[in-house]
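Taking it in order: structure first as structure tokens, then the write-up.
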Amino acid sequence: MTDYEGEQQMEVEALEAILMDEFEKVEDTSGLGITTDGPCYQITISPKGDDEEETTPFPVRLALYFAHTPTYPDEPPLLSVRSLQGVRAVDLEEIRNKLKEEAEENLGMAMMYTLATSAKEWLREKYGGVEEVEEEEEKEEVIEPHGLPVTVETFTEWRDRFEAEIALEKAKLLSDAALAAAKEKRLTGRQWFVQKASKGIVVDEEEEEEEEEEEEIDFDDDDFDEDIDEDDMLDHYLAEKSQA
């Protein structure tokens, strides 16, 4: 025959030794939702371990009440939970149901320390620990990159515009070089007359005068439009490149 009272007493003594100040006997059970003729006990549960500081952003504490039934542990104990600090009502219902399910799974063995440990882990997961808070702070400190993301399309657009700008610069340099070359190759009136004479070509006075007048015509930078919009030239270049 199973000595239920002996097993229950041994469990109480073990809980007193392990939990110490977090374990106590409750004299007044009114309002706890537990009806029993036997003793009732309270286990105070917080998320922190024995050697830890408070592990949640704000302190939370949970009271787990239990009383042994006549044939415990072959039947579940009477259980109740209450918030001592910071635990929301909706969460109390959740942990209450969780502990009742686990009690059914642990029938046949002393289970109150197991249930208390499960409640502690639930508090840590539900309300977060120091590590989770620090991770969130680190995430907030991460500097978000600004600007457009580099994709194949954006890179291609940048490359085409860069090439257009280079082509425009080369075109400007070639135009300046061509203008300088034209000035250098331009014959003076005297040079033109001597060249004709050396070839046996007779040049009359009227034609010589016309050539001398042409000699006075010089290339002037003002003849060229320096106000051409380079952006328009780039857009025109890119349009032709895309059609090619």
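Smallest separation of non-hydrogen atoms from Pro47 and Lys120: O-CG, 4.2 Å. Between Pro77 and Ala103 the shortest heavy-atom distance is CD-CB, 4.3 Å. For the pair Arg82 and Leu92, the tightest heavy-atom approach, listed with the atom from each and the gap, is C-CD2, 4.0 Å.
With sequence neighbours left out, Glu24 forms a salt bridge (charged side-chain N to carboxylate O under 4.0 Å, His left out) with no residue at all. For the side chain to side chain donor-acceptor pair (under 3.5 Å) test, residues two or more places apart in sequence or in another chain that qualify with Thr44 are Gln42. Checked against ring-ring contact (aromatic ring centres under 6.0 Å, His included), Phe66 has the following partners two or more places apart in sequence or in another chain: Tyr41, His68. Partners of Lys98 by side chain to side chain donor-acceptor pair (under 3.5 Å), not counting sequence neighbours, listed by chain and number: Glu102.
Other cluster members for Tyr65: Val26, Leu32, Ile34, Leu78, joined by side-chain heavy-atom distances under 4.5 Å among Ile, Leu, Val, Met, Phe, Trp and Tyr.
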### Message
Would Tyr113 and Leu19 count as a side chain to side chain contact (heavy atoms under 4.5 Å, CB included) here? Give the steps.
### Response
CA-CA 9 Å; Tyr113 184 75; Leu19 301 175; 4.1 Å; yes
### Query
Passes side chain to side chain contact (heavy atoms under 4.5 Å, CB included), Tyr72 versus Met111? Steps please.
CA-CA 10 Å; Tyr72 173 89; Met111 65 182 75; 3.4 Å; yes
### Query
Could you walk me through whether Leu123 and Val87 pass the side chain to side chain contact (heavy atoms under 4.5 Å, CB included) check?
CA-CA 9 Å; Leu123 275 180; Val87 182; 4.2 Å; yes
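Proximity of Met112 to Leu79: side-chain heavy atoms (C-beta onward) are separated by under 4.5 Å at one or more points. In this structure, Arg61 and Ser46 have side chains that are in contact, with non-hydrogen atoms separated by less than 4.5 Å.
Applying the salt bridge (Lys or Arg N to Asp or Glu O under 4.0 Å) test to pairs two or more places apart or on separate chains, none has a residue in residues 9-19.
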